[in-house]
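What follows is one structure encoded as structure tokens, with my remarks underneath.
Start at 1 with the first residue, then count along the sequence.
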Amino acid sequence: MQLNPYGRALVRFVIDLTNTPPTCAEELAERCRAGGMLLEDPVTDTDLTEVLAFLARWAEVVDAATDARRAALLNELLAEFAEHPRLTDHGGGIWHIHYRDDHRTPAGVLCAVAAVGTALHLTSLGMHRLGRCALADCRRAYADFSRAGRQRYCSPACANRDAVRRHRAKRAATSRS
């Protein structure tokens, strides 16, 4: 059985690329392989440029102030990169759905699956399930997969760091009184 290529792992992969963009085509190719993306063609410098531009636009989806704005921005990405769904078994005889043309460049593949995966994430868990870390000096993007849907930090480390700062500030305010 194949895992859903548009699921959690993909959204986490896009978050990782957004927070730490690749610096060369070889790095992008390696990170795609490590992330489980099957790319049939070599990754080029042009692919890198296109992916970096896509990630900047995808970050606007993360930063959107309202659900309607987030949906509008994501709809633009879907219109540009996704195609009508089609069944394929190119990956070793395991049937799955593609939301892209079969002859896309590596950048086109990544952008299509990222846009569709993000849309599925937001529509299945909630339009508010993307954000930026609440720690003022962090601001990394995150995808909220929590049960309650109230994630505010990109990691437990940032949540703990902020809790320590709040505790110390409260303690200092109390000692001044």
Nearest-0.5 Å distance, [atom1] of residue [X] to [atom2] of residue [Y]:
X      : Y      : atom1 : atom2 : result
Thr118 : Leu74  : OG1   : CG    : 6.0 Å
Cys158 : Asp137 : SG    : CG    : 7.5 Å
Glu40  : Arg104 : CD    : CZ    : 13.5 Å
Leu10  : Arg8   : CG    : CZ    : 13.0 Å

Do the charged groups of Asp63 and Arg69 touch, with an N to O distance under 4.0 Å?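 No.
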Using a 3.5 Å distance criterion without hydrogens, assess whether the side chain of [X] forms a donor-acceptor pair with backbone atoms of [Y].
X      : Y      : answer
Arg31  : Asp16  : yes
Asp47  : Thr44  : yes
Asp41  : Pro106 : no
Tyr142 : Gln151 : yes
Arg70  : Met127 : yes
Arg100 : Ala82  : no

Would you mind reporting whether [Y] and [X] have side-chain heavy atoms less than 4.5 Å apart?
X      : Y      : value
Leu48  : Pro22  : yes
Leu135 : Arg165 : yes
Tyr153 : Cys138 : no

So, His121 versus Phe145, ring centres under 6.0 angstrom or not?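 Distance test on ring centres: under 6.0 Å, yes.
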For the rings on Phe81 and Phe54, is their centre-to-centre separation under 6.0 Å?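 Between Phe81 and Phe54, the centre distance is under 6.0 Å.
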Under the rule for salt bridge (charged side-chain N to carboxylate O under 4.0 Å, His left out), what residues qualify as partners of Glu80, not counting sequence neighbours?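 Glu80: salt bridge (charged side-chain N to carboxylate O under 4.0 Å, His left out) contacts with Arg57.
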